Amino acid sequence: MMSWPDFCYKQIIVHIAGGSKERLRFHVDNIVIEDADGKVILQQSCHKIFALFIIGETSLTSIAIQKAIAFAFPIVLLSRNMKFITAINSGAEGNTVLRTKQYAGIRNLEIAKCLVKMKIENQCSLLNALRYKSQDDCEAMKTLKGINVLEAEDIFQLLGHEGFASKTFFSAYFRPMSWTRREPRCKRDIYNLLLDIGYTYLFNFLDAMLALYGFDRYYGVFHTCFYQRKSLVCDIIEPFRCIIDRRLRKAYNLKQISPDDFFFKDEQFHLAYAKQDKYIRLFMKDILEQKENIFKFCQSYYRWFMQDRPLDTFPKFSLENN
């Protein structure tokens, strides 16, 4: 099991294959990324790799897989449009004690309430951090603070609270961007597309974290379990979505988002191939800045879950102080 000092020693490597003309290779026990002219962009010891993210079309050799196994880091493959393909060598699946406790599902509702409560608290923090708050922003904060998810009697009531809170938050926080509504995966406007991209990166980062402990990531506490859906990751991501929300609004305020970077086809917006690296790095920067907090949360959640600790000791992630 990875300890906190071990994790601090590790780094996350992102390799953008294809259009960027980066080349990835292994030299002795080092990973090397070069540009088209053979200039070394990055060289890192395999001992220090936490995870290798590869974005775009690439060919993996047996040497890369052997290195991942030998040095115990996952290789996460994503398509150019951020769609998760697979993760190789990702986890301690043999933790049968943990999985037995997961499948019992005794505290699922309690855990789900804590996660949704944290999500709403972080949404309030984002609104409260706005330099100039309108009356609508203040009303939205008041509404969010009035939602008591702990009173939910079942998952369906909790889903209702979570959905109402998200609708209230999005309408207020993204109002300057002529926001209409959140439509996951529909890509009917640029900002929904960018949220999808950012959330996908965050999802896969959390997936790699949870895999460290051997969780069955397909068995959730809040989101419905069905074939090939990593429901637990869908659960754990909820308090952390605020990282992507904040980055999107900052990017808008700093005029880092250009409509010319996108095109409309088949009733959907798409990110131009040549511009994908820009937004990949934009979101990854904020996620990596929070990597220590994310790791600590997953580590604390594992210990809390395995030791059946009291509900009032449930691990916290607060954006207010980050």
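The structure displayed is predicted, hence computed values, not measured ones.
Between F222 and L232, the closest side-chain pair of non-hydrogen atoms is not below 4.5 Å. Looking at heavy atoms from C-beta onward, I243 lies in side-chain contact with I294 at the 4.5 angstrom threshold. Q299 is listed as a side-chain neighbour of Y213, based on a closest heavy-atom distance under 4.5 Å. M118 is not listed as a side-chain neighbour of E238, based on a closest heavy-atom distance of 4.5 Å or more. Q256 is not listed as a side-chain neighbour of Y279, based on a closest heavy-atom distance of 4.5 Å or more. Within the 4.5 Å cutoff, the side chain of F169 has heavy atoms near those of the D245 side chain. In this structure, the side chains of V40 and I33 stay at 4.5 Å or more apart for every pair of heavy atoms.
Stacking of R249 on the aromatic ring of Y173 is recorded, both the 6.0 Å distance cut-off and the 45° axial limit being met.
In this model, a donor atom of one side chain and an acceptor atom of the other lie less than 3.5 Å apart for D137 and S134. A donor-acceptor contact under 3.5 angstrom links the side chains of Q290 and N293, judged on distance only. Side-chain contact check for D189 and N192: at least one donor-acceptor pair (N or O, by modelled atom type) lies under 3.5 Å. Judged by distance alone, the side chains of E162 and S166 do bring a donor and an acceptor atom under 3.5 Å apart. Counting only N and O atoms by type, the side chains of D235 and Y219 include no donor and acceptor under 3.5 Å apart.
Remark: K187 NZ to D266 CG distance equals 12.5 Å, nearest 0.5 Å. One distance of note links CG of N128 with SG of C138; it measures 9.0 Å at 0.5 Å rounding. To the nearest 0.5 Å, atom CD1 of residue I41 and atom NE2 of residue H15 are 9.0 Å apart. Interatomic distance, L271 CG to I190 CD1, rounded to the nearest 0.5 Å: 9.5 Å. Rounding to the nearest 0.5 Å gives a distance of 13.5 Å between CZ of F170 and CZ of R181.
Checked against V116 for a side chain to side chain contact (heavy atoms under 4.5 Å, CB included), the options L150, I111, V149 give a single hit: V149. Exactly one residue among Y302, F240, F317 makes a ring pair (Phe, Tyr, Trp, His ring centres under 6.0 Å) with F297. That residue is F240.
In this structure, the side chain of N30 does not engage the main chain of Q43 through any donor-acceptor pair within 3.5 Å. Of the possible donor and acceptor atoms, none in the side chain of D37 sits under 3.5 Å from a partner among the backbone N and O of K39. Between the side chain of K167 and the backbone N or O of F164, no donor-acceptor pair lies under 3.5 Å. A donor-acceptor pair is defined here as one N or O able to donate and one able to accept, closer than 3.5 Å; such a pair exists between the side chain of S125 and the backbone of E121.
Salt bridge annotation for D196-R185: absent, with no cationic side-chain nitrogen under 4.0 angstrom from a carboxylate oxygen. Salt bridge absent: E292 and K296 never bring a charged side-chain N and a carboxylate O closer than 4.0 Å. Ion pairing of R217 with D207 is present here, as a side-chain N (NZ or NE/NH1/NH2) and a carboxylate O approach within less than 4.0 Å. Ion pairing between a basic and an acidic side chain is recognised when a charged N comes within 4.0 Å of a carboxylate O; R23 and D35 show no such pairing. Comment: E267 does not engage R188 in a salt bridge, judged by the lack of any side-chain N to carboxylate O separation of less than 4.0 angstrom. Salt-bridge check for R107 with E110: passed, with a basic side-chain N closer than 4.0 Å to an acidic carboxylate O.
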Legend entry - Verdict with reasoning, F305 to Q102, per side-chain contact (heavy atoms from CB on, under 4.5 Å): CA-CA 9 Å; F305 186 80; Q102 273 190 270; 4.1 Å; yes
Inset, instruction - Test F283 against L288 for side-chain contact (heavy atoms from CB on, under 4.5 Å), laying out the working first. - result: CA-CA 9 Å; F283 287 118; L288 295 181; over 6 Å; no
Inset, instruction - Take D308 and K101 through the test salt bridge (charged side-chain N to carboxylate O under 4.0 Å, His left out) and record every step on the way to the result. - result: CA-CA 10 Å; D308 294 317; K101 290 177 70 69; 3.1 Å; yes
Inset, instruction - Mind running side-chain contact (heavy atoms from CB on, under 4.5 Å) on I55 and I280 for me, showing each step along the way? - result: CA-CA 9 Å; I55 303 140; I280 288 168; 3.9 Å; yes
Inset, instruction - List the steps, then state whether side-chain hydrogen bond (donor to acceptor under 3.5 Å, both in side chains) holds for E151 with N148. - result: CA-CA 6 Å; E151 291 181 346; N148 188 353; 3.2 Å; yes
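With sequence neighbours left out, I65 forms a side chain to side chain contact (heavy atoms under 4.5 Å, CB included) with I69, I88. Residues meeting the salt bridge (Lys or Arg N to Asp or Glu O under 4.0 Å) test with K67, sequence neighbours left out: D29.
H47 and F71 have their aromatic ring centers within a separation under 6.0 angstrom. For F269 and F263, the gap between ring centers reaches or exceeds 6.0 Å. Between Y191 and W179, the ring center distance fails the sub-6.0 Å criterion.
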